[in-house]
Amino acid sequence: MGVLAALIVALLATASLGGTFAEGVKIVVCRIVTLGKGPCDTIGGEQKPEQPNYLPVYCDALIDTRGSGVSGSLDLKVFKINYATNYSLMWEKLANGEVWITIMPKDKKGTAEVKAGDYVSLGGNAHASIGDTYQFQSDDEANKWVDTLRNNVNEHNPASWRFWNPFDGGEVKLKEPVIHAETTGYGVQVGGNLEVDIPLEFVNVKFGEGVTGKLDRDVIHEKWHLWDPKKNRYWDNDSISYKLSGEIDPSVNGSVEVPGAAEVGGHGGQKYKWTSTIRYMYNPDGTVANIRWITTYENGWQGGVDSKAGLVSGKVNGSTTSEVTRFTQLNFDDPNDATDPLSKNDAESQQKVARDYIDQHGKVLPMPILNAITGKTEAVTDDPGPDADPLDRMMYEKGKDWAWEGDNTESQGSIGIGPISRDTSHLRKVTDKAKYLGPPVDGHRKYLDFPACEASKAPKEHDWRLDGY
């Protein structure tokens, strides 16, 4: 023991000359573990571990989504079946100046609804979609690509005149997508409506109050092919997400019907919506790249009108809401990228933390859907101490947490003949405030403003200084 102690003292004396005492300890441990053969002397020098990047991985300054599709229905009075297929194009403006465009050529949904008594209805749905996301370095680059897309026809959506000119012919070659996503899910719906029917001499008048509750569960598989500026290479990762969303829509409704001629109705009221998502991302070698927790809370007003005359029907709906979106993400080092024994050991410890978490929670959402209302996250803002749970320790030291809020406007319309309708939609989300959790200072982490994520301040081209990788 005396010889070992003398050796450690000697090693510390030499190892600490060029750096702090803590760095010297790391070098000593490294030399003992590797029997003096490892690349230990650079721990306090050029290869010193870099500080975590606390900037948001991304932040949506603006989202603009347009869709069109076809839907059909079969109404048997007490039992109703609906089917819809939709195409959409989503434009995302990110805080770092990039633009991501997602094309969703196949989005299908089938629903069934049955009346349970005079005032209550029960329903269920199944839905599936695929989508590809493309990355652009500036607004101009993205605009030129979309213009080319809209002036050509290809296999993505040969029938939609809203985005394509079917008389132009030809095909446009798409660039390599950075994300390919496949989503499957199911949902349930419960509705209640108290209605008063007033038959007059020439018309029937109805009005009432109702409330609709929805709950959907999605599983999202994604394949990523994205450039990593830190490692100067592409990484091809897979991720799986489990998403739970709920919505409550209390409203007032009414209609006027001229028997044998036409009927016009309308509804309006509040809208509340919550989502909770957890995403597990894996490296190509099977190790865990990161775990991400997402919650959103949306509230505001929604309403619409509809009319029917014979076989012809029309419908217009709209909503104006405020939304808060919050992300928490924890990145895990890959042992296969380690350059020295200490880094490899630390990365293996991080992987154990990730695996233990996944084994414990699996497909169960760790954050109840109501957490989206209260704003609770997995982030740790105060130093949990040396004896804390390893996940909490990592969350405090390197976890990311960011949030943004803004206003949403949505419109939907349809024109139908008989049971078939042609549908269009437009959703626009504009961010006006954003923040992120800064680095630890004196045992505490506080939230900092992130103006680059505001729609009016986001750069028009990629600014690498804002990358949160």
Side-chain angles (χ1 to χ4, degrees), residues 49-65 90-102 133-146 175-179 222 224-235 237 239 279 281 289-296 323-333 377-379 381 395 397-407 428-441 445-469:
E50 60 182 302
Q51 291 298 311
N53 185 340
Y54 297 102
L55 287 175
V57 177
Y58 77 92
C59 190
D60 280 325
L62 172 69
I63 296 180
D64 194 283
T65 305
M90 180 173 71
W91 172 294
E92 281 183 280
K93 176 65 176 180
L94 305 188
N96 67 354
E98 290 182 357
V99 175
W100 286 19
I101 294 177
T102 299
T133 300
Y134 302 87
Q135 182 185 32
F136 303 90
Q137 301 302 310
S138 68
D139 293 356
D140 288 342
E141 183 187 354
N143 274 315
K144 290 177 181 177
W145 189 79
V146 171
K175 60 187 291 184
E176 184 77 14
V178 294
I179 307 172
E222 293 177 321
W224 295 69
H225 179 68
L226 200 61
W227 178 255
D228 187 342
K230 217 168 66 164
K231 299 177 182 177
N232 199 37
R233 72 185 186 198
Y234 283 97
W235 46 265
N237 291 9
S239 71
R279 188 196 72 182
M281 178 171 281
N290 58 64
I291 299 177
R292 178 180 291 180
W293 299 262
I294 310 167
T295 60
T296 67
E323 182 177 306
V324 176
T325 303
R326 183 180 291 273
F327 282 65
T328 305
Q329 179 169 317
L330 186 56
N331 297 331
F332 301 90
D333 293 339
T377 73
E378 298 286 319
T381 57
M395 276 290 190
E397 292 179 348
K398 58 183 290 187
K400 293 172 175 285
D401 189 78
W402 70 101
W404 66 87
E405 55 187 89
D407 299 317
R428 186 174 177 85
K429 298 185 175 186
V430 180
T431 298
D432 55 31
K433 186 184 297 184
K435 60 183 180 179
Y436 73 98
L437 192 59
V441 178
R445 296 180 63 183
K446 66 177 183 179
Y447 287 93
L448 307 174
D449 290 335
F450 191 53
C453 194
E454 298 174 21
S456 60
K457 298 177 182 178
K460 293 185 178 181
E461 60 182 8
H462 190 180
D463 186 342
W464 292 89
R465 296 170 299 177
L466 296 171
D467 282 359
Y469 48 81

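One-based numbering along the sequence shown.
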Could you go step by step and tell me if Asp401 and Arg326 meet the side chain to side chain contact (heavy atoms under 4.5 Å, CB included) rule? CA-CA 7 Å; Asp401 189 78; Arg326 183 180 291 273; 3.2 Å; yes
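- Within a 6.0 Å sphere centred on CG of Asp463, other residues, nucleotides and ligands contribute more than 12 heavy atoms.
- Two residues are said to be in side-chain contact when any heavy atoms from C-beta on lie closer than 4.5 Å; Phe136 and Asn143 fail this criterion.
- Under the 3.5 Å distance criterion, the side-chain polar atoms of Glu141 are matched with a main-chain donor or acceptor of Gln137.
- Scanning for side chain to side chain contact (heavy atoms under 4.5 Å, CB included) contacts around Asp407 gives Ser322, Asp432, with sequence neighbours left out.
- Using a cut-off of 4.0 Å between Lys/Arg side-chain N and Asp/Glu carboxylate O, Asp64 and Lys93 are scored as not salt-bridged.
- For Phe327, the ring-ring contact (aromatic ring centres under 6.0 Å, His included) criterion is met by Tyr58, Trp402, Trp404, not counting sequence neighbours.
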Steps toward side chain to side chain contact (heavy atoms under 4.5 Å, CB included) verdict (Thr377, Thr295): CA-CA 8 Å; Thr377 73; Thr295 60; 5.6 Å; no
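- With sequence neighbours excluded, the residues forming a side chain to side chain contact (heavy atoms under 4.5 Å, CB included) with Glu397 are Arg393, listed by chain and number.
- Under the side chain to side chain donor-acceptor pair (under 3.5 Å) criterion, Trp91 pairs with no residue at all, not counting sequence neighbours.
- Within 6.0 Å of CD on Glu461 lie no more than 12 heavy atoms contributed by other residues, nucleotides or ligands.
- Two residues are said to be in side-chain contact when any heavy atoms from C-beta on lie closer than 4.5 Å; Arg292 and Val57 meet this criterion.
- Counting only heavy atoms from C-beta outward, the side chains of Tyr54 and Arg445 approach each other to under 4.5 Å.
- Dense packing is recorded around CZ of Arg279, with more than 12 heavy atoms of other residues, nucleotides or ligands lying under 6.0 Å away.
- Listed by chain and residue number, Glu454 satisfy the side chain to side chain donor-acceptor pair (under 3.5 Å) test with Lys457 (two or more places apart in sequence, or in another chain).
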Side chain to side chain contact (heavy atoms under 4.5 Å, CB included) for Lys398 and Gln329? Distances and angles first, verdict last. CA-CA 9 Å; Lys398 58 183 290 187; Gln329 179 169 317; over 6 Å; no
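- The side-chain heavy atoms of Thr325 and Asp60, taken from C-beta on, include no pair separated by under 4.5 Å.
- In terms of the side chain to side chain donor-acceptor pair (under 3.5 Å) criterion, residue partners of Thr133 (sequence neighbours excluded) are, by chain and number, Thr102.
- Between Thr328 and Met395 there is a side-chain heavy-atom pair separated by less than 4.5 Å.
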Could you check Trp464 against Asn96 for side chain to side chain contact (heavy atoms under 4.5 Å, CB included), going step by step and ending with a plain yes or no? CA-CA 7 Å; Trp464 292 89; Asn96 67 354; over 6 Å; no
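- With a 4.5 Å cut-off on side-chain heavy atoms, Asn53 and Lys400 count as touching.
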